[in-house]
Amino acid sequence: MTNSKDNDNASDHGTSTPTRLIVFGATGRVGGAVVAAARARGIEVTGVGRVDGEVTSAADVARLAAGHDAAVVSAYDAQAVPGEFFPAVARAMAAGLPEAGVRRLVSVGLASVLPTADGTLLMDTPGYPQEWLAFYVGHGAGDEALRAAAPEALDWVVLSPAGDFDHERVPGDADGYAYGPADADSRITLAGFAEAVLDEATAPTLHAVHAGVTETTTS
């Protein structure tokens with residue numbers, strides 16, 4: 001599935017129906033990129049960080065999300081145990097967002113726990129770095145916790161780069177993005193990934209899945 005700058009979905013950016021968006025983890029690189037891209041599109045967006053409330057607290061999530069239509073969560077706590085933190089975030093979102101009347105969630109995940117084209121998880125492929133295995137497994141546990149805890153009232157998707165972020169290319173060089181399996185060689189800029197996140201937050205096409213995102217070019 002592709003989305004280019006020339007197609008209707010990319011040009012409209014889902015803004016035919018105004019969406020009030022909240023971004024949890026707005027002080028991080030990905031969350032900040034999503035907030036910036038939302039503002040550039042004219043989307044009403046609220047960026048929240050740790051000083052505003054705990055992303056692992058359903059009560060805080062509900063309080064902060066009230067009055068919004070969709071949510072993005074890109075949270076990370078370097079001091080927390082990954083296998084505890086990411087499932088706790090997922091459960092807080094699953095409980096707090098519906099309480100606040102938010103129906104759409106885009107959660108930022110990790111490519112390591114995506115299957116490659118042959119079905120092998122990227123983190124299990126030969127030569128893949130294993131020093132952050134606990135982090136990979138924690139993210140995977142978060143995905144599973146969201147799948148298990150999300151009620152029917154919450155329409156969710158997990159998006160991650162299909163491989164990794166490209167911090168060298170100038171944002172805007174790509175023509176669009178595509179969804180696909182994990183690929184260690186795949187790259188996408190923060191800005192390009194933010195566009196995919198916003199498209200799924202404002203005009204959903206994917207539901208109850210974890211999808212990888214990569215940039216597409218015509219050059």
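Rounded to the nearest 0.5 angstrom, Leu21 CG and Arg104 CZ are separated by 11.5 Å. In this structure, OG in Ser107 is found 8.5 Å from CH2 in Trp156, a value given to the nearest 0.5 Å. Between Met93 atom CE and Leu105 atom CG the span is 7.0 Å, to the nearest 0.5 Å. Rounded to the nearest 0.5 angstrom, Glu195 CD and Ile188 CD1 are separated by 9.5 Å. A distance of 10.5 Å separates CD in Glu215 from CZ in Phe165, rounded to the nearest 0.5 Å. Atom CG of Asp166 sits about 14.0 Å away from atom CZ of Phe193, to the nearest 0.5 Å.
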### Task
List the steps and the verdict of salt bridge (charged side-chain N to carboxylate O under 4.0 Å, His left out) for Asp155 and Arg103.
CA-CA 6 Å; Asp155 179 19; Arg103 297 188 56 84; over 6 Å; no
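Partner of Phe24 under the side chain to side chain contact (heavy atoms under 4.5 Å, CB included) criterion, chosen from Leu97, Asp52, Thr46, Val72: Leu97. Applying the side chain to side chain donor-acceptor pair (under 3.5 Å) test between Tyr177 and each of Asp199, Thr216, Thr214 identifies Asp199 as the sole match.
Thr116 places a side-chain N or O within donor-acceptor distance of the main-chain N or O of Thr120, the cut-off being under 3.5 Å. At distances below 3.5 Å, at least one donor-acceptor pair connects side-chain atoms of His68 with backbone N or O atoms of Ala66. A donor-acceptor pair under 3.5 Å is formed between the side chain of Thr202 and the backbone N or O of Leu198. For Glu131 (side chain) and Pro129 (main-chain N/O), no donor-acceptor pair under 3.5 Å exists by modelled atom type. Remark: the backbone N or O of Leu122 is paired with a side-chain donor or acceptor of Thr125 at under 3.5 angstrom. Not a single donor-acceptor pair under 3.5 Å links the side chain of Glu99 to the backbone N or O of Ala58. Without hydrogens or angle criteria, Glu200 side chain to Leu206 main chain gives a donor-acceptor distance under 3.5 Å. Side chain of Arg20 to backbone of Val45: no donor-acceptor contact under 3.5 angstrom is found.
A chain of hydrophobic side-chain contacts below 4.5 Å, direct or via other Ile, Leu, Val, Met, Phe, Trp or Tyr residues, connects Val89 to Val61. Grouping the Ile, Leu, Val, Met, Phe, Trp and Tyr side chains by contacts below 4.5 angstrom, directly or via other members, places Val157 apart from Leu154. Residue Leu114 is not grouped with residue Val106 when hydrophobic side chains (ILVMFWY) are merged at heavy-atom distances under 4.5 angstrom, including chains of intermediate members. Leu110 and Val81 end up in different hydrophobic clusters when Ile, Leu, Val, Met, Phe, Trp and Tyr side chains are linked at under 4.5 Å.
Counted by atom type alone, Ser160 and His210 present one or more donor-acceptor pairs between their side chains at under 3.5 Å.
By the salt bridge (charged side-chain N to carboxylate O under 4.0 Å, His left out) test, Arg63 pairs with Asp60, sequence neighbours left out.
Note on ring orientation: taking the six-membered ring where Trp is involved, the planes of Phe86 and Tyr76 are parallel (angle under 30°, cut-offs 30° and 60°).
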